[in-house]
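One is the number of the first residue; the rest follow in order along the sequence.
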Amino acid sequence: MNITLNATLQWLAFSLATLLATGVLVLAGLNENGRAESNQASASFAAKNPR
């Protein structure tokens, strides 16, 4: 039973670490996407400025 408990805890720790890493990558991707859109909007605004 001790081996089964150890394997279960390892699987649980691996799953939690995987979910955490996925969440960090998703948030980083959303942040990068938001930056790209804001830079594109400011570049578009600067291009429309006749000065």
Side-chain angles (χ1 to χ4, degrees):
M1 186 170 132
N2 193 12
I3 295 173
T4 305
L5 180 62
N6 192 15
T8 303
L9 288 176
Q10 283 183 344
W11 180 83
L12 190 61
F14 174 77
S15 299
L16 185 61
T18 303
L19 285 174
L20 182 63
T22 303
V24 168
L25 290 174
V26 166
L27 288 176
L30 290 176
N31 191 19
E32 189 66 30
N33 191 15
R35 272 194 224 151
E37 288 177 4
S38 66
N39 287 343
Q40 185 181 19
S42 63
S44 171
F45 176 75
K48 291 179 183 176
N49 192 353
R51 293 188 243 163

As an exercise, state the distance from OG1 of T8 to CD1 of I3, rounded to the nearest 0.5 Å.
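Interatomic distance, T8 OG1 to I3 CD1, rounded to 0.5 Å: 11.5 Å.
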Can you tell me how far apart CG (L5) and CG (L9) are? Round to the nearest 0.5 Å.
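Answer for the CG-CG pair, L5 versus L9, is 4.5 Å.
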Should V26 and L30 count as side-chain neighbours, where that means a heavy-atom distance under 4.5 Å?
yes
